[in-house]
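Just so you know, these numbers come straight off a predicted model, no measurement behind them.
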Amino acid sequence: MRTAQQMAIESEKVRADIVEVSEFPQVANRYNVMGVPKVVINETRGFEGALPPAAFLDHVLAAGGPADQERLEGD
């Protein structure tokens, strides 16, 4: 979750919320949490488990829309 937190600190376009699912089971149910960490991006993309920062960024860019996807493919 450090990667998400760092992105939120660095950019006003990113918000990171960390939820303790044992305290908020309705959130765990809503996002179908089966493992932690569970990351949900823009309500459209998600993954479970720790990822290296570069792979995490790939998911963020892919969830951002066509302009971000083109930037990702161009790298």
Does Glu20 have any side chain to side chain contact (heavy atoms under 4.5 Å, CB included) partners at least two apart in sequence or in another chain, and if so, which?
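Side chain to side chain contact (heavy atoms under 4.5 Å, CB included) check on Glu20 returns Ser22, Glu23.
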If the condition is side chain to side chain contact (heavy atoms under 4.5 Å, CB included), which residues does Val19 pass it with, not counting sequence neighbours?
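Checked Val19 against side chain to side chain contact (heavy atoms under 4.5 Å, CB included); matches are Phe24, Val27.
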With sequence neighbours excluded, tell me which residues meet side-chain hydrogen bond (donor to acceptor under 3.5 Å, both in side chains) with Gln6.
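Only Glu10 meet the side-chain hydrogen bond (donor to acceptor under 3.5 Å, both in side chains) criterion with Gln6.
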Residues that Asn29 engages under side-chain hydrogen bond (donor to acceptor under 3.5 Å, both in side chains), provided they are two or more places apart:
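Applying side-chain hydrogen bond (donor to acceptor under 3.5 Å, both in side chains) to Asn29 gives none.
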How many angstroms lie between atom CE of Met34 and atom CG of Asn32, to the nearest 0.5 angstrom?
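Answer for the CE-CG pair, Met34 versus Asn32, is 4.0 Å.
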Measure the CG-CG distance between Leu51 and Leu57 for me, rounded to the nearest 0.5 Å.
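Going from the CG atom of Leu51 to the CG atom of Leu57 covers 11.0 Å.
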Between [X] and [Y], what is the shortest heavy-atom contact and its length?
X: Pro53; Y: Thr3; answer: CG-OG1, 4.1 Å
X: Ala63; Y: Thr44; answer: CB-OG1, 4.3 Å
X: Ala28; Y: Val21; answer: CB-CB, 3.7 Å

Side chain to side chain contact (heavy atoms under 4.5 Å, CB included) evaluation trace for Phe56 with Val39
CA-CA 9 Å; Phe56 192 104; Val39 176; 3.9 Å; yes
Within one Ile-Leu-Val-Met-Phe-Trp-Tyr cluster: [X] and [Y], side-chain cutoff 4.5 Å:
X: Val36; Y: Phe47; result: no
X: Ile41; Y: Ile9; result: no
X: Tyr31; Y: Ile18; result: no

Could you tell me which residues satisfy salt bridge (charged side-chain N to carboxylate O under 4.0 Å, His left out) with Arg2, sequence neighbours excluded, listed by chain and number?
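With sequence neighbours excluded, Arg2 shows a salt bridge (charged side-chain N to carboxylate O under 4.0 Å, His left out) to no residue whatsoever.
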Glu43: partners by salt bridge (charged side-chain N to carboxylate O under 4.0 Å, His left out), with sequence neighbours left out
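By the salt bridge (charged side-chain N to carboxylate O under 4.0 Å, His left out) rule, Glu43 matches Arg30.
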Contact check, side chains of Arg45 and Val40, non-hydrogen atoms, under 4.5 Å
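Answer no - side chains too far apart.
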Main-chain N/O of Lys38 paired with Glu48 side-chain donor or acceptor, under 3.5 Å
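No: the side chain of Glu48 does not pair with the backbone of Lys38.
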